Amino acid sequence: MPDPPLRDSPPPEPPGEDPPTPPPPPPDDEAERLLDEAFKLGEGDEAWLEIARRASRPAEPLGNLGPYTLLEEIGRGGQGEVYKAVQPGTGRTVALKRPAAGGLRIGSRAAERFSREVDAATRLSHPNVVTVFASEVIDGHAVLVMEYVDGTTIDRWADACWADPASGDREKRSRVLRAFAAACDGVAHAHLRGVIHRDLKPSNIMIGPDDVPRVLDFGVAKVLEEWRERDPSGARATVWTATGIAGTPAYAPPEQLREGGRSVDTRADVYALGVILYRLLSGDEAFGNRQGLADLLDAVRRGPQRRPLQARPSVGRDADWIVRRAMDPDAARRYQTVDALAEDVRRLLDGRAVLAHPPSAAYTAWRAVRRRPRT
């Protein structure tokens, strides 16, 4: 009689078939559970299609900030957010700056600092400085209402000028230098009102469709109580002092970079404008790819590896001298005021001898002949 089959033996599997795939184990931690909920894992194709449909829909309107209608976000950084908005009543397009973390609660130390920054901006009124209309408190937060500039940063604008095939090299250089000199006028106006910008860089100078530059973002500006000394001639020297490290290291002078934040004056802005002019003329960053503050400080002391004239020969040696003097690591050898820097740029535009040239009677005579060849 045959033996009965064993009950515990599994039935034989069909040949050539893989064993069935076991179901996925349930999430064994909180992270996996959250991913399942967010992305609808395991719920079929319909859930994924709904996620794709939501992602392709246009963004929701930004809504309002108090009475202002927000049109778009145009900037965000460590100091806050900037929105393009419509001002109620006037219908004017403005820029709203809301400090970091959604604004500053009134009464906090940060709010007091923001108030001083507002003071720096509202005391300025110049065609080459972005106008600040008001500082308002909206929903318990301080908000700065400013002129909206529909343009591009001065470095990108300059790159487009140099790339214009319809203009000659001399015309391109003149256009860039005229815009730079106008930006200097805005900074000089701030100095006369007792304000050191301390964060001048290309992204803080905007060029509108009219080719007029406007200096903006006085977020780390210093308003000073002691404001001018007199030079031996009796004219305003416009030398102000401030303490502390602020601004963007790649555009800061060595005295601003040194450990401990040694006192700086308006010649720090002169230096930053020199670095900006280097960028506008050469197309390169003066101190790019520096690793750490010590490396940057060493590079600043030695100066850029290439002069603007080497990067772009059409710049000319006169413009090269102006950049070198403005960027001198020794503040005593720089232009002593932003006005002096702007004046030397305009001397170059007029064909006159620039004051930044090395002492040379031959150079001065050559410039005079170039300017009035018949005489």
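Note that this is a predicted model, so its numbers are computed, not measured.
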**Request:** Under the side chain to side chain contact (heavy atoms under 4.5 Å, CB included) rule, what do Met146 and Leu216 come out as? Steps first, then yes or no, please.
**Result:** CA-CA 10 Å; Met146 304 176 293; Leu216 63 145; over 6 Å; no
Looking at [X] and [Y], does any basic side-chain N land under 4.0 Å from a carboxylate oxygen?
| X | Y | answer |
| --- | --- | --- |
| Asp284 | Arg312 | no |
| Arg267 | Glu255 | no |
| Asp211 | Arg175 | yes |
| Arg346 | Asp185 | yes |
| Arg352 | Glu343 | yes |
| Asp150 | Lys84 | no |

**Request:** For Arg156, look at atom CZ and say whether over 12 heavy atoms of other residues, nucleotides or ligands are found less than 6.0 Å away.
**Result:**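 Counting neighbours around CZ of Arg156, 12 or fewer heavy atoms of other residues, nucleotides or ligands fall under 6.0 Å, so no.
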**Item:** Distance, nearest 0.5 Å, that separates CD1 of Ile196 from NE2 of His191
**Value:**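 Here the rounded value is 6.0 Å.
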**Asked** Looking at CZ of Phe287 and CD of Glu285, how far apart are the two atoms once the value is rounded to the nearest 0.5 Å?
**Response**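 Interatomic distance, Phe287 CZ to Glu285 CD, rounded to 0.5 Å: 10.5 Å.
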**Message:** Quick one: does any side-chain atom of Asp330 pair with a main-chain N or O of Ala332 as donor and acceptor, under 3.5 Å?
**Reply:**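 Checking the backbone N and O of Ala332 against the side chain of Asp330, a donor-acceptor pair under 3.5 Å is found.
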**Message:** As a test of understanding, state which of Arg98, Glu72, Lys97 forms a side chain to side chain contact (heavy atoms under 4.5 Å, CB included) with Tyr83.
**Reply:**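 Testing Tyr83 for a side chain to side chain contact (heavy atoms under 4.5 Å, CB included) against Arg98, Glu72, Lys97 leaves exactly one candidate, Arg98.
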**Request:** Check the side chains of Gln256 and Tyr251 for a donor-acceptor pair under 3.5 angstrom, ignoring hydrogens and angles.
**Result:**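 Absent: no donor and acceptor within the cut-off.
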**Item:** Heavy-atom pair of closest approach, residues Leu309 and Gly316
**Value:**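 That would be CD1-N, 3.6 Å.
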**Request:** Could you go through the side chain to side chain contact (heavy atoms under 4.5 Å, CB included) check for Met206 and Thr153 one step at a time?
**Result:** CA-CA 5 Å; Met206 298 291 292; Thr153 58; 3.8 Å; yes
